[in-house]
Amino acid sequence: MSEQHITPRAKDYAQWYQDVISAAQLAEPAGVVRGCMVVRPHGWAIWEKIQGELDRRFKETGHQNAAFPLLIPLSFLQKEAQHATGFAMECAVVTHAGLKTVDGQIQLKNELEEPYVVRPTSETIIGHFFAKWIDSYRDLPMLLNQWCNVMRWELRTRLFLRTGEFWWQEGHTAHASHEEAREEVMRMLDVYREVYHDVLAVPVIRGRKSDNEKFAGALETYCVEAMMQDGKSLQGATSHDLGQNFGKAFNVTFQNKDGARDFVWQTSWGASTRMIGALIMAHSDDGGLVLPPRLAPIHVAIVPIWKNDAEKAQVLEASDKLARELRSDGLTVKLDDRDDKRPGEKYYDWERKGVPLRLEVGPRDVASGTAMGKSRIADAKDKVKVPFENVGVHVGAILDSLQKQLFERALAFRAANIVKVDSWADFQAVFADQNSKFVLAHWDGTTETELAIKEATKATIRCIPLAAEGFDDGAGKCVKTGQPSAQRVLFAKNY
RNA sequence: CGGGGUGUGGCUCAGCUUGGUAGAGCGCUUGGUUCGGGACCAAGAGGUCGGAGGUUCAAAUCCUCUCACCCCGACCA
């Protein structure tokens, strides 16, 4: 429980991000394993909450969980050309089995005939099994999901945002028609959007990736993009229309009603522990982590206040009763009865861990039958009285309100930092120095222009927003080349 | 992987230029006083200075290599 200084956002945003993670004890660099992280209990508890919310929705939409091998035969990677080149540089490879001791030194023993790749994603090995399991249109759709860890040998890592190993889910489905597969792609994109909006309280923009940004091996990639507090964008989840690319590569065929054979149409979709990074950078402040109630491992921290043994007995009894009542309402409550810390330090302690609501219970409160409540994002001077009577109802209302406030605050921030830009000079001005906003601008649709814009400003096309996002205001001219453009696309610097 | 920076008790760092028996603050342990926004006093524990090799009578300090982390870039969820 060391005292932890958090660098203010305005001073050094990147340092602030790391300080928040450290102060809340979410994770730390493994140190002994390049680029990998250790997710500490408080961080993993948040991930478990996210998993629960996603998993329930996956099952509601007809998917089943399964598990596939961590190791993938090297030859599998080679079967889909784009996929292979896309992941080649990031693969960790297992080349040996067994160890031997020579002169007291441990050495590798048996070289494998065919090396294995530690999965960077599982399209290939799942494709192999789809081929085995799918024969008829009656076997379709096949709707699977896997919760697992994957490894990508990244050159530059940042906790949660990009690490060598990370935890995620990858959905893999096979369908009888392209139309059906496309429906699946959009359905799962909307599941991600719902979880971001209703659970993480982070507004996202749904869209399609440009050819340059799409997944290696996909026909099209869709994504949700979220704005962080520095105006940069973070890709929150992806949903891929794989077409028949993997079906052809792994010979996944089925016989249709007319007796003809065809390749299946596949999708894959994923979201990772990176969501925790999005959560941090969307809501947290200079006081540390801010968690939306629906993801908080601890909803309420009760801090009892006493001066002597008689008061201690009294306030602990009242606090304990409160805790029990709140727990019976399904809330997770921490009664902080540590006697080696004074109340003030406990306040900071729970605040930097992101606990949504603190209840203070002292002799005065016991006498009045109310606790002093402070929501995580309220000013210290804006504490509210929370009656002991029906405390669950009052606390529930405060938490619901906080959940809503966080979403609205994030939405308002995004609205204030999203701009339509029509001149190249204005475009460059927005992205000058380290600055970023969400810029809706016209683009001529070529990779060449996209790369030229990136070269000049470091901003990239985050997505081509779906019409449903309401940003489309008709055709125009490319902000860089003046060539015709059908619709505005979303530019930003990104994580 | 290219450029820059940093590695010294759990944490933040001083000491290195000019080699000579490892320091501070915080945290931790014990006891006491405290307790409504980061308490105080006293007594303790804890480090072969990231690792390996070299120079030297002697290395945290000088040299070489290596590993890790951070920042910028390229790559990427």
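Residue numbering restarts at 1 for every chain, and letters A, B, ... go by the order of the sequence lines.
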Name the pairs: protein N/O against N/O of nucleotides 66-71 of chain B, kept only if under 3.5 Å.
{"unit_1": "B/C69", "atom_1": "OP1", "unit_2": "A/G35", "atom_2": "N", "d": "2.8"}
{"unit_1": "B/C70", "atom_1": "O3'", "unit_2": "A/Q18", "atom_2": "NE2", "d": "3.4"}

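- Residue pairs meeting the ring-ring contact (aromatic ring centres under 6.0 Å, His included) criterion with at least one partner in residues 339-384 of chain A, sequence neighbours excluded, do not occur; the list is empty.
- Contacts of A/R358 classified as side-chain hydrogen bond (donor to acceptor under 3.5 Å, both in side chains), with partners at least two apart in sequence or in another chain: A/E351, A/E360.
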Contacts under 3.5 Å, N or O only, protein and nucleotides 31-34 of chain B:
none

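- With B/C35, B/G37, B/C75 as the candidates, the nucleotide lying closest to the side chain of A/K307 is B/C35.
- Residue pairs meeting the side chain to side chain donor-acceptor pair (under 3.5 Å) criterion with at least one partner in residues 200-211 of chain A, sequence neighbours excluded, are A/D190-A/R206, A/R206-A/E469, A/K209-A/E225, A/K209-A/Q235, A/S210-A/E450.
- For the salt bridge (charged side-chain N to carboxylate O under 4.0 Å, His left out) test, no residue two or more places apart in sequence or in another chain qualifies with A/E80.
- For the segment residues 310-320 of chain A, no residue has any heavy atom less than 4.0 angstrom from an atom of RNA chain B.
- Listed by chain and residue number, A/R324 satisfy the salt bridge (charged side-chain N to carboxylate O under 4.0 Å, His left out) test with A/D320 (two or more places apart in sequence, or in another chain).
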Using atom types as modelled, flag every donor-acceptor pair under 3.5 Å from a side chain in residues 285-295 of chain A to any protein atom, sequence neighbours excluded.
{"unit_1": "A/D285", "atom_1": "OD1", "unit_2": "A/G287", "atom_2": "N", "d": "2.8"}
{"unit_1": "A/D285", "atom_1": "OD1", "unit_2": "A/G288", "atom_2": "N", "d": "3.3"}
{"unit_1": "A/D285", "atom_1": "OD1", "unit_2": "A/R376", "atom_2": "NH2", "d": "2.8"}
{"unit_1": "A/D285", "atom_1": "OD2", "unit_2": "A/R376", "atom_2": "NH1", "d": "3.1"}
{"unit_1": "A/D286", "atom_1": "OD1", "unit_2": "A/R9", "atom_2": "N", "d": "2.9"}
{"unit_1": "A/D286", "atom_1": "OD1", "unit_2": "A/R9", "atom_2": "NE", "d": "2.9"}
{"unit_1": "A/R294", "atom_1": "NH1", "unit_2": "A/D198", "atom_2": "O", "d": "2.6"}

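- Applying the side chain to side chain donor-acceptor pair (under 3.5 Å) rule to pairs touching residues 302-319 of chain A yields nothing, sequence neighbours excluded.
- Using a distance-only test at 3.5 Å, with no hydrogens or angles considered, no donor-acceptor pair links the side chain of A/T238 to the main chain of A/W269.
- Remark: B/C69 base-pairs with B/G5. Criterion, Watson-Crick or G-U wobble with two distances under 3.5 Å.
- A ring-ring contact (aromatic ring centres under 6.0 Å, His included) check over residues 189-222 of chain A, counting only residues at least two apart or in different chains, returns the pairs A/H83-A/F215, A/F87-A/F215, A/H197-A/F407, A/F215-A/H240.
- Within residues 354-389 of chain A, the residues that place at least one heavy atom under 4.0 Å from RNA chain B are, in residue-number order, A/R358, A/E360, A/G362, A/P363, A/R364, A/D365, A/M372, A/K374, A/A380, A/K383.
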